[in-house]
Amino acid sequence: MSEPAIRAVNLRKEYDGGKVVALAGVSLEVADGETVAIMGPSGSGKTTLLNLAGALDVPTGGEMWVRGRRVAPDTNLDRLRAREIGFIFQLHNLLPTMTSAENVEIPMMALGTPRRERRRRAEELLERVGMSARADFESPKLSGGERQRVAIARALANCPRLILGDEPTGSLDSRTGTEVMDLLLSLKRQEGLTIVIVTHNPEVADRMDRKIELRDGKIALDRERKI
Amino acid sequence: MRVVFRNLFRRRVRTALSILGVAIGVGSIVAFSSMGEGFKRSINEYALQTGADLVVVEHNVADPAFGRIPAEVVESLRRHPNIRALGSSCAMPATLEGGTAPLLVIGRDPAEPIIRAYRNPAMRGRLLEAHHELMMGEILAAELGKKVGDDMRLFQQSFKIVGIYRTGVRWENGGVIIHMEAFRKAMKMAPGSTMGVFLFLKDPDRLKETAFELAMQHPQLRILPAAFLSSGFEQIAYVDAFIWVISLAALIVGAIGILNTMLMSVSERVREIGTLRAFGWTGAMVLRMILAEGLMTSLLGGLAGFGVGVAGAEALMRLVPQGALAAAYVPQIFVTGMAASIGVGFLGALYPAWRASRLAPAEALRYE
């Protein structure tokens, strides 16, 4: 059996020296190629869990492993994020002064990919998400759905195996949201990606292999989809 | 690079204002330095046009006009084996009766060769010969409506204008030349004494050795090559220092402008910076990006400063009476201006860039 994409062991995250407990001992494994929805009320620790899985932050207790690397202060987390993880944010987080293609190039810049190669790969990815025609548009000129497509292309730039989404359809109308999820899941099938998304939307969650519900920093429910 | 530009232009007015801040600082360097340089060059040109090889002034006086070289020292200089000829030179600013702008009064001995500097095709009339005769610069003559043959009062005495001259030194053309004896009398100087001496060498190739030998014999004197007479004016060093203090103050203001702009820019872009970090950008990459933006702003400010400086120098020169100054825009000044703008950009952007690089990715992404 291959190494899990994510492995959390009694994971804790506290803020303000323990006054705020965001995660109070979470243990879970996400297998390579699995799709997971993380649900739960606000303040339940969803975003904190996603941040730790994304190596954006380090735990205050327990262990977090992402594709065999421990998320800890002495790991090169910048490198880990650049190589292994692709993020999709609720508000797309495209840089407004950059074109679609340049936004897609951001992760490749982190790895020092040569300019020509970056451009070639960005064009290829924009084509795959149906955005070639908008490659030289700056993001304020794109619609919400178009922005999220560019954001998906950006998440795939360095061929990461793990895609993390924080409410990726949260700012889209339901039809556009469905289209974006269709795109994401078709890419997942082609590439064998692991996808973990935080969502409030049950329809989005129903399309995932597995649903995890957090409550007060703990796992309240962990259920495989009935097939 | 293009992205750096686009980031700068998303707040056009703010960027323009910080460019202006740097432009004023660099402009002040360019304007004042080029005027100072122009003045120095005109002093050197004043010495060079006499055809002399060396100039002698007194040590420890801020302006050679305060120096008094006694007759016996002049004679001792004359005895040096490599001296072919010498000329005494005096110059003082004076005001005319009737109170116009100050004019330069220069003393020359008609028997000495340096007076020939005024005899050129542009000259009308002749060189002065007698104590009561005077030569007038072309600019002053035009201003006062004087011509050859007219009289003029100076130092409570009447002079006859025998020649109108034009040289390559602007302020000299706004002055007058009188007989050395008349000058000594007006300034109550000892007979045969002088403020400066121009030396003509038999063998100009031995200029260095001759200057060294004379300096050893006369430790109270400064022996300068004619092309460096301006370094005998120690007051110019004070003016240079003054220019730097003003320019430095303007540059600090420019740096604070960049600091403020970049701090605002960083605080507006916290979430963007968090996004860059999420995709693996290191703190150092973020630091470089913000520094590049600050440097680009200040370089644009430096280029604009060249324009501001040249325009400022030209405007200031119009204020100088008789057009007596010509700014010299030497490359060195622009190199200094560019270096100053780079320094300003770096200093101004360093702290914002450091702050941006230290943002925690997770918190930066949460930032609204």
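We name chains A, B, ... by the order of the sequence lines, and we start the count at 1 in each one. The structure displayed is predicted, hence computed values, not measured ones.
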Does [X] [atom1] have over 12 foreign heavy atoms under 6.0 Å away?
| X | atom1 | answer |
| --- | --- | --- |
| A:Asp216 | CG | no |
| B:Arg355 | CZ | no |
| B:Tyr238 | OH | no |
| A:Glu127 | CD | no |
| B:Phe346 | CZ | no |
| A:Lys188 | NZ | yes |

Mind ranking [options] by heavy-atom pairs under 4.5 Å with chain B and telling me who comes out on top?
| options | answer |
| --- | --- |
| A:Leu95, A:Asp57, A:Asn51 | A:Leu95 |
| A:Gly86, A:Pro96, A:Ala55, A:Gly54 | A:Pro96 |
| A:Leu56, A:Leu80, A:Asp78 | A:Asp78 |

Would you name the heavy atoms of [X] and [Y] that are closest together and state the gap between them?
| X | Y | answer |
| --- | --- | --- |
| B:Gly280 | A:Ala82 | CA-CB, 3.7 Å |
| A:Met109 | B:Met285 | O-CE, 3.4 Å |
| B:Arg277 | A:Arg81 | O-NE, 2.7 Å |
| B:Phe279 | A:Ala155 | CE2-CA, 4.0 Å |

> With a 4.5 angstrom heavy-atom cut-off, which part of B:Ala278 approaches chain A: side chain, backbone, both or neither?
Replying inline: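 Its backbone and side chain both get close to chain A.
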> To the nearest 0.5 Å, how far apart are CG in A:Leu91 and CZ in B:Arg271?
Replying inline: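 Answer rounded to 0.5 Å: 5.0 Å.
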> Side chain, backbone, both or neither: which part of A:Thr48 has an atom under 4.5 Å from a heavy atom of chain B?
Replying inline: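 It is neither, since no heavy atom gets under 4.5 Å.
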>> If I measure from the heavy atoms of chain B, does A:Asn93 come under 4.5 Å with its side chain, its backbone, both, or neither?
In response: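 Interface part for A:Asn93: both.
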>> Apply side chain to side chain contact (heavy atoms under 4.5 Å, CB included) to residues B:Thr275 and A:Arg154 and explain how you reach the verdict.
In response: CA-CA 11 Å; B:Thr275 304; A:Arg154 179 174 63 180; 3.6 Å; yes
